[in-house]
Amino acid sequence: MAISTKPPSGMRDFLPAELARRRYVIETIQQTYEKYGFVPVETPSIENLSTLLGKYGDEGDQLLFRILHRRDKLARALETPEVGEKDLADLGLRYDLTVPLARLIANNPELPKFFKRYQIQPVWRADRPGRGRFREFWQCDVDITGSKSLIAEAEVCSAVSEVLLNLGFSNFEIHLNHRQLLKCLIKAAGIALENEALTLVAVDKLDKIGIEGVEKELEQRGISAAQSRALLELIQRPCGLDEAGELQRLKQALSDNSEAITAIAQLETLTSLLDSSKAAGHYCIDASLARGLGYYTGPIFEIRSSDFSGSLGGGGRYDGLIGMFKGSEIPAVGFSIGFERLLLVLEEKGLFGQISCGPDIVICHFDDVADSAVIEAANSLRQHGVKVEIYPETPKLGKQIAYAESIGATWVAIMGASEAAEKVLSLKHLVSGEQHKLNYTDTAARILNN
RNA sequence: GACGAAGUAGCACAAUGGUAGUGCACAAGAUUGUGGAUCUUGUGGUUGCGGGUUCGAGCCCCGUCUUCGUCCCCA
């Protein structure tokens, strides 16, 4: 049997044309984030398992790619009686960029009090691949540590909104909710706090499976019909209610709960800040938004679009996470763009213009020219900033030109003994067919002005 | 992890249980310093893998692997 030439399931090779698009999007993201004062960091692909475990909830722990002990340690581990999963691995591939950031913050106390970092790197999850879903995929995170101000929330929401708008994509809404508010809603419905996690999972599907679907799922998980109905009553937004009205409604429903009132007041402040930001007109209050990750403590966000079923990104406040790595707590808030899904949507909506990759020009030549002269000509063009490929052999000219066209070059230079003697190139435009003899400098100028 | 569909040439797809084809792509050629169009010719497949039924299997049956959907969950 031949060895499979496919990358592992859920992982991909990127060919030049696709990579050019990916880089274009990444560049836009970087430029936008930097306008907000975010600075880049990178962290290792691999983290200690102890860093990763217990931060994402049970589901997250299941999806961690673990790395086996090496050499003798593995052999020893395998010999221990009743060896379990935990004994075999000590490292894992990072699951997101937030937990590594928390570790990095705890490990570098000299960083600025308000550290605004962005990070664009791959993460790994041992998930089953599907549409817009991979085992290796990139995330583009912005986070602000050190501040409890809602300006931090507003800034990250504004930054990701601006990224999407700069890429020409405006069909999105940032759904907003608050972890404390959710907790209070569940309590108000009479559901035990120990059932919070499973309740949230069911509630989060409201817009997907509908009211009956959620009721059914809650019932299956042992929540009484009266409780689930009470919860849905609270969470469901009446038709025609605007953002302020929805917040007002929640405030009235939970008026006896000071914790809930505080959370709602934060959302009120946040929405007013967002109205002055790039996220204006691109957010909504969604009391059913839950988000799976365990570490969120305050406002939570998620990017939704009718162009993609699922989330295009998400984030929130996590004031306790850094404290898990450090004695003292440091508040933080972040937002992550799901790069692969964004790319998918941009592609489907035709929002990529012409993104070129490959050389501007291929130098075709004959065997009556010294190879060294060809290299000299190529380097002369390159010095002017032209992307040049030399056809490495000397078959008949037609083949050389056909090749240049096949790789997407718009120009060819033809170089024979006569051109070499005059130090010129016969520059041919492959679309118009026009051809002129020009010296190297004029050739470069002509290509770059095109 | 659950369910469904599909695996045939590099790619896209055909083939009432009876000799595996078509298009695109690729290669060569139509007076050797000019590509795209047309034409001619040609290369290319143990039909995903392993069993079974049959005189005979790409087709039917079982298993297996892979891929793609939907669910679950997520970015």
Side-chain angles (χ1 to χ4, degrees), chain A residues 1-2 4-10 12 56-64 94-98 120-141 160 172 197-198 200-202 204-205 208-209 213 217 220-221 289-294 301-305 308-316 334-345 362 364-369 391 394-420 425-435 437:
Chain A
M1 264 296 272
S4 170
T5 55
K6 289 187 183 117
S9 167
R12 297 159 294 165
Y56 304 106
D58 291 344
E59 187 74 17
D61 285 355
Q62 294 295 317
L63 295 178
L64 279 176
R94 64 165 172 253
Y95 178 90
D96 72 356
L97 302 177
T98 306
I120 302 174
Q121 284 193 283
V123 303
W124 292 266
R125 297 183 189 177
D127 210 349
R128 202 183 188 87
R131 174 178 149 83
R133 182 141 167 219
F134 305 93
R135 291 182 145 183
E136 178 181 58
F137 61 99
W138 287 60
Q139 290 191 328
C140 313
D141 280 33
V160 301
F172 68 91
L198 60 91
L200 292 182
V201 167
D204 200 38
K205 295 176 202 161
K208 258 191 189 171
I209 60 179
E217 183 157 338
Q220 280 169 358
R221 305 200 181 193
L289 174 66
R291 296 200 49 76
L293 299 181
F301 345 109
E302 189 162 298
I303 312 171
R304 303 263 180 90
S305 168
F308 186 85
S309 103
S311 146
L312 287 174
F335 211 136
S336 173
I337 295 179
F339 180 68
E340 313 298 342
R341 293 174 174 185
L342 175 58
L343 225 75
L344 197 78
V345 167
V362 173
C364 307
H365 56 107
F366 300 101
D367 53 11
D368 58 3
V369 189
Y391 197 99
T394 56
K396 64 186 229 182
L397 187 55
K399 278 186 79 81
Q400 300 190 44
I401 293 176
Y403 170 81
E405 191 173 42
S406 75
I407 63 167
T410 41
W411 303 88
V412 293
I414 300 161
M415 212 180 162
S418 61
E419 284 93 348
L425 295 167
S426 290
L427 177 66
K428 182 186 179 77
H429 191 253
L430 286 176
V431 180
S432 67
E434 273 181 59
Q435 186 170 326
K437 274 194 182 181

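Sequence lines set the chain letters: A, B, ... in the order given, protein chains first and strands last, and positions in each chain run from 1.
Residue K396(A) places no side-chain N or O under 4.0 Å from the OP1 or OP2 atom of G35(B).
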Could you write out each protein N or O paired with an N or O of nucleotides 69-72 of chain B at a distance under 3.5 Å?
from: C72(B); atom 1: O3'; to: K205(A); atom 2: NZ; distance (Å): 3.3
from: C72(B); atom 1: N4; to: R133(A); atom 2: NH1; distance (Å): 2.5

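The interatomic distance linking L344(A) (CG) with C68(B) (P) rounds to 13 Å, in whole Å. At whole-Å resolution of the value, CZ in R135(A) and P in A75(B) are 17 Å apart. At whole-Å resolution of the value, CG in L425(A) and P in G33(B) are 18 Å apart. For the pair Y403(A) OH and C26(B) P, the computed distance is 13 Å after rounding to whole Å. Counting to the nearest Å, the C1' atom of G35(B) and the CG atom of L427(A) are 15 Å from each other.
For the P atom pair drawn from U66(B) and C26(B), the interatomic distance equals 33 Å after rounding to whole Å. The same atom, P, is picked in C73(B) and in U67(B); the two are 23 Å apart, to the nearest Å.
When distances run from any side-chain atom of E405(A) to the nucleotides A75(B), G36(B), G33(B), the shortest one goes to G36(B). Here the side chain of Q435(A) is nearest to one of U34(B), G33(B), A75(B), namely U34(B). The listed nucleotides are U34(B), U67(B), A75(B); the one nearest the side chain of R341(A) is A75(B). Distance from the side chain of L397(A) is smallest to G33(B) among A27(B), G35(B), G33(B). Comparing atom distances between the R125(A) side chain and each of U34(B), A75(B), U67(B) picks out A75(B) as nearest.
Annotation: side chain to side chain contact (heavy atoms under 4.5 Å, CB included) contacts of I407(A) (sequence neighbours excluded): P359(A), V362(A), E389(A), Y403(A).
Using a 4.0 Å heavy-atom criterion, one finds that L312(A) contacts the sugar-phosphate atoms exclusively. Residue-level contact check: V431(A) touches the bases, meaning some heavy atom is under 4.0 Å from a base atom. Contact annotation for G310(A): base contact, defined as any heavy-atom pair under 4.0 Å involving a base atom. As judged by a 4.0 angstrom heavy-atom cut-off over every strand, G60(A) is placed among residues making no nucleic acid contact. Within the 4.0 angstrom heavy-atom criterion, base atoms lie near E419(A). Nucleic acid contact for K428(A): base, since at least one base atom lies under 4.0 Å from a heavy atom of the residue.
Cation-pi geometry between R125(A) and Y95(A) is met: the NZ or CZ atom falls under 6.0 Å from the ring centre, inside 45° of the normal. For the pair R304(A) and F172(A), the cation-pi test (distance below 6.0 Å, angle within 45°) is failed.
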Review point. Is there a salt bridge (Lys or Arg N to Asp or Glu O under 4.0 Å) between R291(A) and E302(A) once you walk through the steps?
Key: CA-CA 8 Å; R291(A) 296 200 49 76; E302(A) 189 162 298; 2.7 Å; yes
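For RNA chain B, each stem of at least three Watson-Crick or G-U pairs (distances under 3.5 Å) is given as range with range: B:1-7 with B:65-71, B:10-13 with B:21-24, B:26-30 with B:38-42, B:48-52 with B:60-64.
Residue whose closest nucleotide on RNA chain B sits further toward the 5' end, between G398(A) and F134(A): G398(A). Both G10(A) and F366(A) sit near RNA chain B, but only F366(A) has its closest nucleotide nearer the 5' end.
For G33(B), the base has a donor-acceptor partner in the side chain of S418(A) [N/O atoms by modelled type, under 3.5 angstrom].
Ion pairing between a basic and an acidic side chain is recognised when a charged N comes within 4.0 Å of a carboxylate O; R135(A) and D127(A) show no such pairing. Salt bridge R131(A)/E340(A): absent, no basic N to carboxylate O contact under 4.0 Å.
Aromatic ring orientation, W411(A) versus H429(A): perpendicular (interplanar angle above 60°, classes split at 30° and 60°).
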